[in-house]
Every structure is written in structure tokens, then in C-alpha cells.
Amino acid sequence: MKPLHFKSITNRIIAFGLSITLITFIFALLIFSSSIEHIKSEIHDHNQFVAENAAKSADIFFKTIEDNLYSAAASYEVGAVLEKKGGDLLPYLIKLPSYVREITALNRGGVEMAKASRERFISRAGVNKKEASLPLKVLVKENIYFGKIHNTDFGEPLITVTVPVKIGTRVKGWLSEDISLKGFWHSITGIQLGEKGYIFAVDENGRVIAHPDWSVVIKAVNFKTNPQVVRFINKWEGNNISSYKNESGIEVIGTYAASKKTGWGIIAEQPAKEAYAQLYNLENKLLILIALSLSFAVFLSIYLGWRLTSPLKELKKKAEEFGKGYLNSKISINRDDEIGELSLTFNNMADSILDKTTQLKLANKNLQEMLNCTIKSLATVLDAKSSWTAGHSERVLNYALSIASRFDNSSDFLENVKICSLLHDIGKICIPETVLEKADIFTDDDMKIMKEHPLHGARILSSIRQFENIIPIIRHHHEYYNGCGYPDGLSGESIPFIARILSVADAYDAMTTDRHYRKARDLSDAIEELKRKAGIQFDPQIVEVFLEIIFKERDFISAMRNMPITICK
């Protein structure tokens with residue numbers, strides 16, 4: 001055997017292309033790996049810085065309020081009220097920033113003495129309240145106190161801030177201001193975090209007190225399921241940065257910082273797509289680099305392999321022609337490498353297949369002719385058995401083909417129907433003529449003998465391999481749809497489909513032709529019998545189709561009843 005001398009064209013192309021690709025991937029991965037963590041760290045540090053700055057802004061906001069309160073506590077108006085000199089707080093309130101909605105003076109025991117409100121634009125003095133408005137722990141500690149958040153009648157959230165009014169070191173009373181959180185909202189939501197990032201604030205229970213969407217604040221929405229809010233409430237220690245889906249289902253990078261003045265959580269969230277835009281840009285550059293490298297590798301591969309592709313195209317073209325049946329196609333490639341040997345092997349294979357195909361066609365033609373002659377001979381023998389059944393198989397064939405074509409019009413299926421129709425009664429060759437030609441009504445013994453003809457037919461055809469698919473049909477064409485037929489008592493769908501077609505066609509021809517023991521029944525009588533036996537002896541669906549054929553093609557059916565005998569062609 002001649003050894004194969006590979007010129008390594010294919011091996012060189014594959015090795016070179018893979019080497020370039022591998023080097024490109026390694027180089028790109030090294031660059032990407034060294035940069036990605038550094039960029040991520042910078043992004044996280046920036047977001048944490050923004051959150052901490054927002055917390056400082058909140059502290060500055062409330063420090064300003066605290067300073068204003070202590071200044072107010074030292075004012076003449078407050079002192080006059082507490083000393084019951086009839087001072088009015090409303091003029092003083094009007095001088096304060098607009099986010100101060102209400103100011104209240106309380107005595108040492110925390111009982112309201114006077115109040116001025118911006119919403120109602122009223123001032124009350126000398127209110128006689130028995131109960132203290134401040135918690136006992138505030139009265140004892142005598143420090144600044146930030147109350148719980150509450151809403152006005154208009155839904156605006158407020159927080160009450162209270163400071164002691166002192167003369168020297170002695171507490172004379174208390175001064176409270178109801179501060180609108182809208183000012184705090186402006187100071188927090190005005191902080192930029194990229195184009196789509198945002199800041200919001202929650203209290204120690206997770207209630208939103210500042211959010212870019214003011215309606216969320218008005219409705220007092222609770223974000224206690226937000227991962228960063230959970231971390232804040234649980235006083236998470238460690239790296240605050242995490243990735244998660246926010247309440248709108250958007251993947252975000254979140255962090256938090258706590259306000260030292262109020263203890264509130266300041267949450268910073270930025271869409272991950274925006275936060276990691278630099279990484280995505282780096283990925284795109286990496287992909288471009290890979291694409292360029294691959295393109296270069298492909299270009300070099302094509303350059304090195306152009307001598308390989310042209311003969312392969314010729315080989316492919318001839319192989320396609322060969323596959324379409326042009327067995328005389330030959331390849332003319334004069335090379336001393338593996339491609340030349342492949343073309344020579346292909347030509348030798350084509351010659352061998354052409355020779356074998358010619359032999360097979362001849363053998364198949366002879367076999368088909370033998371099969372046709374066998375069918376013709378069997379049908380001729382069957383017709384010669386009884387003059388009363390002459391032409392019966394041919395008529396059954398036409399009826400059956402009319403029915404079968406309504407269900408399946410494929411040539412293989414109709415060919416099987418044709419063969420089964422011609423040979424369905426072949427077993428009657430084994431039935432004695434005394435029974436076949438009997439003019440009287442059959443006795444039980446006669447019927448027993450007659451019912452054996454499907455078995456005889458199946459046995460006769462069993463020795464012919466080409467008939468193995470139609471033997472079950474010959475055996476079961478007298479089965480009843482309800483299971484009361486013979487020889488095996490099959491029922492319904494278990495009866496072969498073609499056998500169910502033959503059952504209707506066979507019965508119809510038997511009813512509408514003369515027999516030696518009776519005259520033919522008229523068409524209407526036969527139709528009624530088919531209807532009556534549908535679902536009992538016959539498949540109802542097949543009866544329905546056959547009746548449609550009879551009513552639509554009555555002339556055709558009548559012609560078939562009187563057609564001349566033409567044994568299988």
C-alpha cells in the first residue's frame with residue numbers, strides 16, 4: 001500500500017491560525033484582568049465617597065437647624081413667652097427659613113406655652129395644657145432631641161427638633177421647630193451620581209424620607225427589603241458596596257453611609273450598566289482587538305491555503321454531481337499530495353458504484369417483473385376458481401383506491417392498496433369448489449371453511465418476502481370494527497387501516513353484484529346496509545368517506561359495477 005505523504009498544508013493553516021488566536025486571547029485576557037479590578041475599585045470608592053458626602057450634607061443641614069434653634073432659644077420672643085410676658089412667636093417664625101413650618105415654646109416640664117404655624121398662619125399664647133409634650137428621657141437629659149417623622153394634613157413629612165432654653169446652666173423651658181423634610185430632600189437629591197444614579201434617605205426603620213420621586217416620600221413607602229437598607233438597619237460592618245436589583249427591577253450598584261446627627265441611612269444607587277460603562281468599553285476594545293487579530297489570522301490562513309481551496313472546490317462540485325445521480329462525473333486533479341490521492345480514490349469509487357448501480361437496476365427490474373407476474377398469476381388463478389367472483393378483485397381495487405386517496409395520496413400507500421385489493425381473496429384458492437359454488441345457504445360447516453380463506457391467503461403469501469407488509473392486511477380484512485369478526489377478533493384501530501378500507505369495498509361489491517346464491521341488491525339498499533353496519537362491522541370514518549364518493553360520483557360507481565375485467569397490469 002502506497003504511504004500518504006502529507007504536504008502539511010492543512011496542518012500548517014490550522015496550527016498557524018490557532019497560534020495567532022491563542023496569543024491574542026492570552027494577551028487580551030492579561031490586559032483585561034489587570035485593569036478590571038482596579039477600575040471596579042475606583043468606581044466603588046467613588047460611589048462610597050458620594051454617599052458619605054451626602055451624609056455630611058445631611059449633617060450640615062441639621063447642624064444649621066440646630067444652630068438656628070439655639071439662636072431662637074436665646075431670643076427675646078421665646079424668653080418673653082416662657083416668662084409669661086405675652087410674647088408673640090409668629091413674627092419671629094416669619095423671619096426663619098421656609099422649611100421651618102411651626103415653632104412651639106414649652107415650659108420646663110414640656111407643656112406647650114405658645115405656638116406659631118406657617119400653614120395656619122396663627123399664633124397662640126397661654127395655652128393651658130396639663131400633659132407634657134416631650135418624652136421623659138428628653139426632659140431628664142436636657143439635650144437636643146430629634147422626634148419621629150410625621151405628616152401634615154397635606155401629606156408633607158415633618159420632623160420635630162427640640163432644644164432646651166437655658167438661662168446660665170438652668171433649663172427655663174424648651175423650643176421646638178417642625179422642620180419640613182422638603183428642604184432636606186433638596187439637599188440630598190440634588191447630589192449627582194452619574195447621569196442616572198440617585199441618592200435617597202431612610203430612617204432607622206427603613207421608611208423613605210428623601211427620594212428623587214417625591215411621591216415615594218409623601219406615601220411614606222418603606223424600603224426595608226432593599227439590600228442596602230437591610231445592611232443599614234442591621235449596622236453592617238465591612239465593604240458596603242453590593243450589586244442587586246432595586247425596587248424597579250434594575251440592576252444597580254449600591255452603598256450607604258449613616259448621618260451622625262439623625263442616625264438616618266443615606267443610600268446611593270447607580271445602574272450597573274452606567275457604573276461599569278468603562279468596563280464595557282474595555283470589553284468592546286478587547287473584542288475589537290480579538291476581531292482584528294482573528295481577521296489577520298484568517299487572512300494569513302487564506303493566503304497560505306489558496307492552493308488547497310481551488311482543488312477542493314472542484315472535488316466538492318464533482319461530489320455534488322455524483323450525489324445527484326451523475327455517476328459518470330470524474331475529477332481531474334493532477335497533484336502528488338493527499339488531494340491528488342483523494343481525487344484518484346474518488347474516481348475509483350465512482351467507477352465501482354456505477355458498475356454496482358447498473359447491476360442493481362437490472363436485478364431490481366427483473367425482480368419487479370417477477371413480482372408483477374406473480375401477482376398477475378395469482379389473480380388469474382383466483383378468477384378462474386369461480387365465474388361468480390371474476391372481476392371482483394378489480395372492482396374492489398377501484399373502490400379501495402377511491403377511498404384510500406382521500407386519506408393518503410402517496411404512491412407507496414396506494415401501491416400497497418392496489419396489491420392488497422387484488423390479492424385479498426387469494427386464500428379462496430384453498431377453499432373447495434363445492435363450497436364456493438354452492439347455490440344454497442351456507443351451513444355452519446361451510447362458513448367455518450369459508451372463514452379460513454384469510455388464513456390461507458396469509459400463508460400463501462408468507463413465502464414471498466416482498467409481501468411481508470401486506471400479509472397482516474390479507475389476514476385481517478374480515479375483522480369487524482366491534483371485534484366480532486374473524487380470524488383473530490381484532491377491533492377498532494388495532495385492525496390494519498388498509499384492511500378496514502378493504503372491508504368496506506369488499507362488502508359493497510359483494511352486495512351490489514350477482515352471486516350464485518342470490519341476486520345483486522340495489523344501490524340504496526347497499527347504502528343503508530353500510531350505514532347500519534358502521535361502527536359494528538365497518539370503520540365509521542371510512543363508511544362516511546365512501547358514501548361521499550358514492551353520492552358525488554354515482555355515475556363512476558355504476559360504471560365500476562359493470563366494468564370489464566382487466567387483471568393487474
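Reckoned from all heavy atoms, side chains included, excluding hydrogens, waters and symmetry mates. In what follows, residues are counted from 1 in the order of the sequence shown.
- When the side chain to side chain donor-acceptor pair (under 3.5 Å) test is applied to E204, no partner is found at least two apart in sequence or on another chain.
- Classification of K261 and E66 as a salt-bridged pair holds, one side-chain N sitting under 4.0 Å from a carboxylate O.
- E479 has no carboxylate O lying under 4.0 Å from a charged side-chain N of R500, or vice versa, which leaves the two without a salt bridge.
- By the side chain to side chain donor-acceptor pair (under 3.5 Å) test, E548 pairs with no residue at all, sequence neighbours left out.
- Between E269 and Y244, some side-chain heavy-atom pair lies under the 4.5 Å cut-off.
- Aromatic ring pairs are classed by plane angle as parallel below 30°, tilted from 30° to 60° and perpendicular above 60°; the pair W264 and F184 is perpendicular.
- Residues satisfying the side chain to side chain donor-acceptor pair (under 3.5 Å) test with N68, not counting sequence neighbours, are none.
- Residues satisfying the side chain to side chain contact (heavy atoms under 4.5 Å, CB included) criterion with K273, sequence neighbours excluded, are Y280.
- For the side chain to side chain donor-acceptor pair (under 3.5 Å) test, no residue two or more places apart in sequence or in another chain qualifies with S187.
- Under the 3.5 Å distance criterion, with hydrogens and angles disregarded, no donor-acceptor pair is assigned to the side chains of Q228 and T255.
- Residues F497 and F407 bring their aromatic ring centres within 6.0 Å.
- Ring pair F146/F62 is perpendicular by interplanar angle, where above 60° counts as perpendicular and below 30° as parallel.
- Shown here are the side chain to side chain contact (heavy atoms under 4.5 Å, CB included) partners of E52, two or more places apart in sequence or in another chain: Q48, A257.
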